[in-house]
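A quick write-up on the structure given underneath.
In this text the structure is predicted, and so the values were computed from the model without any measurement. Here, residue 1 is the first one in the sequence, and each next residue gets the next number.
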Amino acid sequence: MIERDRLLNVLGHLIDNAQQATDDEGWIRISLEREDASIIIHIEDNGHGMDPEFIKHRLFKPFDTTKGNAGMGIGMYESREFIRQAGGDIKVASEPGKGTVITLYI
């Protein structure tokens, strides 16, 4: 079991991030699959992407934001913590200029 409202907040945050990273001609794809007792959710975009150093050192760091005054820098950190507390994990695959795939394992 997972807390529905918090999961919806996580999904909303991840989709919002994908929208902000993708220009008007871009796309976002959300897919869901089931693997044994697990649910796997992919949120993929063809936005600006992230380099490996950013993912490793800043993406999940609380209160570190690239959005200036538009964000507090806790969304990705809280999302990962919630998914991990539920027994899952979040993985990130990204390439600058090509986009990002965020995968939730629940």
Side-chain angles (χ1 to χ4, degrees):
M1 297 296 293
I2 192 164
E3 192 178 329
R4 178 182 177 268
D5 289 340
R6 285 189 69 192
L7 178 59
L8 290 174
N9 285 339
V10 166
L11 293 172
H13 174 76
L14 297 174
I15 292 166
D16 186 54
N17 280 357
Q19 288 174 321
Q20 291 179 29
T22 305
D23 63 27
D24 291 341
E25 290 77 39
W27 51 262
I28 298 168
R29 181 179 308 132
I30 302 166
S31 61
L32 173 79
E33 60 185 284
R34 187 172 194 118
E35 187 175 291
D36 300 318
S38 297
I39 301 281
I40 302 168
I41 302 170
H42 304 279
I43 301 170
E44 180 178 3
D45 66 63
N46 68 338
H48 58 73
M50 298 174 280
D51 64 55
E53 288 299 308
F54 179 82
I55 295 169
K56 183 176 180 180
H57 297 290
R58 293 187 61 198
L59 181 62
F60 294 106
K61 184 177 178 185
F63 307 111
D64 186 355
T65 183
T66 60
K67 298 176 186 175
N69 292 331
M72 292 180 55
I74 60 174
M76 286 301 293
Y77 170 77
E78 286 185 338
S79 295
R80 184 177 68 175
E81 291 304 301
F82 170 69
I83 296 298
R84 285 183 171 175
Q85 288 171 3
D89 205 1
I90 294 180
K91 300 292 181 188
V92 179
S94 190
E95 190 174 335
K98 296 198 175 179
T100 300
V101 179
I102 305 285
T103 305
L104 284 74
Y105 299 90
I106 304 170

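Here the side chains of E35 and Y105 are not in contact, with every heavy-atom distance at 4.5 Å or above. For the pair E78/F82, no side-chain contact is recorded, criterion being any heavy-atom separation below 4.5 Å from C-beta on.
Screening R29, E33, K91 for a side chain to side chain donor-acceptor pair (under 3.5 Å) with H42, the sole residue that qualifies is E33. Under the side chain to side chain contact (heavy atoms under 4.5 Å, CB included) test applied with D45, the options V101, I102, I28 reduce to a single match, I28. The only member of T103, L11, L14, V10 that meets side chain to side chain contact (heavy atoms under 4.5 Å, CB included) when paired with I41 is L11.
Atom CD of E3 is separated from atom CG of L8 by 10.0 Å, given to the nearest 0.5 angstrom. Once rounded to the nearest 0.5 Å, the distance linking CZ of R80 with CG of L104 reads 12.0 Å.
Considering only residues two or more places apart in sequence or on other chains, R84 meets the side chain to side chain donor-acceptor pair (under 3.5 Å) condition with D89. Under the salt bridge (charged side-chain N to carboxylate O under 4.0 Å, His left out) criterion, K98 pairs with E95, not counting sequence neighbours. Residues that satisfy the side chain to side chain contact (heavy atoms under 4.5 Å, CB included) test with I55, not counting sequence neighbours, are M50, L59, V92, S94.
No continuous path of hydrophobic side-chain contacts links I40 to L32 [ILVMFWY only; heavy atoms under 4.5 Å]. Follow the hydrophobic side-chain contacts under 4.5 Å out from M76 and you reach I15 in the same cluster. In the hydrophobic clustering of ILVMFWY residues, with side-chain heavy atoms under 4.5 Å counting as a link, I39 and I83 come out together.
A86 and I2 get closest at one heavy-atom pair: CB-CD1, 3.7 Å. In this structure, I43 and A18 approach most closely via the heavy-atom pair CG2-CB, 4.3 Å. Pairing each heavy atom of F60 with each of Y77, the nearest pair is O-CD1, 3.3 Å.
H13 and N17 are linked by a side-chain donor-acceptor pair at a separation below 3.5 angstrom, with hydrogens and angles left out of the test.
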